[in-house]
Amino acid sequence: MKSNNFGTLFLVSTPIGNLKDITLRAIETLSNVDIIVCENPSSSLKLLNTLNIKNKKLIQLNAIIERKNTSNIISILKQGKNIAYISDAGTPLISDPGNILVNDCINNEINISPIPGANAILPALIGSGINSDDFTFIGFLSNKKSTKTKQIKQLLQYKNTIIFYESSHRINETLEILKEVFPKDNKICIARELTKLHEEYIRDTISNITLTDEQSKGEFVIVLEAANLENQSCETLSDENILNKLKDLIANNKLSKKEAIKQISKEYNISKNKVYSISLKI
Ligand code: SAM
């Protein structure tokens, strides 16, 4: 319930590929608001033209100018105008700008009304064949290979399905890192070009997954089965995983080699001799 005469900020989801995924409420809201704030005016104009929504005032808001433009948008909302915010594609604020704007609206007691719709996370998850009861969404991993490797090692600890976005520039590098770090039989699904002509779900185990040149193009969501190493017996925990675990404990938890061997042997019920022999590779 609104307790003031301020306008409302509508957070409107737009399609991630197939324009038919726009909702009736999204069309109605975009048609009725006074102003549309958008991440990318040229792609938003295309969408608005397709929906036959003409002559709307557009204000740009992207990650670079979000802080600068937010105060202007807040003052327009305070004058009682209704505004819709749309990102380039999908649900705004999901790996897209808008957090500053929403928080400033909340701090200024401006009503926020999200209009749900398309996003890339949920179709990837439900089409993956990997447990959808419980999941963690990571957004984008780092662009820097060394930081990304550290982040992927941390994902080994997650006990639920992991979902993240990846770009065509880095998809193959990320798969190589996953092959080095994750258990061989771990399930993975690469959901590419969702809702578009070349939509594809590539489902495999970590050790077998490979993409052709054609499959390396487009937009991607990676869905990973939880590694859940704690539940793996010594037969399923590969030597490579043991080695990575050892390296992790030494580098990140600052354990000595001896302490790391002891911890892994105890935690995974693997003989100290076996862990010791693997540790010689460090
Ligand atoms: N806000 C969007 C959403 O609701 O999903 C995500 C924006 S984020 C900047 C863009 C990333 O989302 C892409 O790099 C890709 O990883 C993923 N993505 C967006 N559209 C996609 C699609 N049609 N198929 C697969 N992944 C997609």
Side-chain angles (χ1 to χ4, degrees), residues 9-23 25-26 29-30 36-44 46-47 50 60-66 84-102 112-130 132 135-144 148 151-152 155 161-175 177-178 188-204 209 211-224:
L9 176 72
F10 295 93
L11 303 170
V12 181
S13 296
T14 58
I16 56 167
N18 190 326
L19 290 180
K20 289 182 184 162
D21 289 335
I22 192 83
T23 67
R25 258 185 100 201
T29 306
L30 292 171
I36 297 176
V37 170
C38 55
E39 192 186 356
N40 180 344
S42 72
S43 66
S44 296
K46 249 194 236 161
L47 174 73
T50 316
Q60 189 174 21
L61 186 89
N62 59 32
I64 303 160
I65 55 172
E66 181 169 4
Y85 168 52
I86 53 179
S87 63
D88 205 11
T91 300
L93 280 84
I94 300 297
S95 294
D96 272 337
N99 265 304
I100 296 174
L101 177 61
V102 167
I112 310 273
S113 179
I115 309 293
N119 66 80
I121 306 167
L122 294 180
L125 174 66
I126 64 175
S128 69
I130 297 174
S132 58
F135 66 93
T136 301
F137 172 61
I138 308 287
F140 283 100
L141 297 176
S142 170
N143 293 344
K144 220 173 125 203
K148 183 161 60 178
Q151 290 172 326
I152 289 179
L155 299 182
T161 299
I162 300 154
I163 306 178
F164 55 95
Y165 290 154
E166 192 49 282
S167 83
S168 54
H169 307 293
R170 287 177 282 273
I171 183 82
N172 283 309
E173 177 190 85
T174 300
L175 291 183
I177 302 171
L178 283 168
I188 182 169
C189 173
I190 298 179
R192 70 177 277 270
E193 294 292 88
L194 294 170
T195 78
K196 303 186 203 174
L197 185 62
H198 298 291
E199 174 178 282
E200 194 174 6
Y201 286 83
I202 305 155
R203 305 176 187 92
D204 216 321
I209 191 108
L211 301 182
T212 62
D213 287 348
E214 207 43 47
Q215 287 174 327
S216 309
K217 294 177 193 155
E219 297 194 279
F220 303 89
V221 182
I222 300 186
V223 184
L224 261 182

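Computed from a predicted structure; not experimentally measured. Heavy atoms only: backbone and side chains are in, while hydrogens, waters and symmetry mates are out. This chain uses plain numbering: 1 for the first residue, then up along the sequence. Whatever order the structure lists them in is the order used to number ligands and atoms, beginning at 1.
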Over all heavy atoms of both residues, which pair between [X] and [Y] is shortest? Give the atoms and the distance, please.
| X | Y | result |
| --- | --- | --- |
| Ser168 | Lys217 | CB-CA, 4.3 Å |
| Ala84 | Leu30 | CB-CD2, 3.8 Å |
| Lys196 | Glu219 | NZ-OE1, 2.8 Å |
| Pro116 | Arg25 | CD-NH1, 3.9 Å |
| Pro97 | Leu61 | CG-O, 4.4 Å |
| Ser87 | Tyr85 | CB-OH, 4.1 Å |

Determine whether the side chain, the backbone, both or neither of [X] has a heavy atom under 4.0 Å from any heavy atom of ligand 1.
| X | value |
| --- | --- |
| Ala89 | backbone |
| Glu166 | backbone |
| Ile16 | both |
| Phe220 | backbone |

Among all the protein's non-hydrogen atoms, which is closest to [atom], and how far away is it?
| atom | value |
| --- | --- |
| atom 17 (C) of ligand 1 | Tyr165 CD2, 3.6 Å |
| atom 24 (N) of ligand 1 | Leu194 N, 2.8 Å |
| atom 21 (C) of ligand 1 | Glu219 OE1, 3.6 Å |
| atom 9 (C) of ligand 1 | Ser95 O, 3.2 Å |
| atom 18 (N) of ligand 1 | Ala120 CB, 3.6 Å |

Does [X], backbone or side chain, put an N or O under 3.5 Å from an N or O of ligand 1?
| X | result |
| --- | --- |
| Gly90 | no |
| Arg192 | no |
| Ile94 | yes |
| Ala191 | no |

Numbered atoms of ligand 1 (with element) below 4.0 Å of [X], judged on heavy atoms:
| X | value |
| --- | --- |
| Phe140 | 8 (S), 9 (C), 10 (C), 11 (C), 14 (O) |
| Lys196 | 23 (N) |
| Asp96 | 1 (N), 2 (C), 7 (C), 9 (C) |
| Thr91 | 1 (N), 3 (C), 4 (O) |

For this session: Before giving the answer on side chain to side chain contact (heavy atoms under 4.5 Å, CB included), spell out for Ile222 and Ile171 the whole-Å C-alpha distance, their side-chain angles and the decisive distance to 0.1 Å.
Result: CA-CA 9 Å; Ile222 300 186; Ile171 183 82; 3.7 Å; yes
Problem set entry | Audit row: Ile138, Leu155, side chain to side chain contact (heavy atoms under 4.5 Å, CB included) steps and yes/no | CA-CA 10 Å; Ile138 308 287; Leu155 299 182; 3.7 Å; yes
For this session: Quickly, which of His169, Arg170, Lys148, Glu173 forms a side-chain hydrogen bond (donor to acceptor under 3.5 Å, both in side chains) with Asn143? Name it, please.
Result: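 Among His169, Arg170, Lys148, Glu173, the one that satisfies the side-chain hydrogen bond (donor to acceptor under 3.5 Å, both in side chains) with Asn143 is Arg170.
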For this session: Could you walk me through whether His198 and Glu214 pass side chain to side chain contact (heavy atoms under 4.5 Å, CB included), step by step?
Result: CA-CA 10 Å; His198 298 291; Glu214 207 43 47; over 6 Å; no
Exercise. Rounded to the nearest 0.5 Å, how far apart are CD1 of Ile202 and CG of Leu211?
Worked result: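 Nearest 0.5 Å value for the CD1-CG distance: 5.0 Å.
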Exercise. Any non-hydrogen atom of Thr195 lying under 4.0 Å from ligand 1?
Worked result: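 Thr195 does not count as a contact of ligand 1 under the 4.0 Å cut-off.
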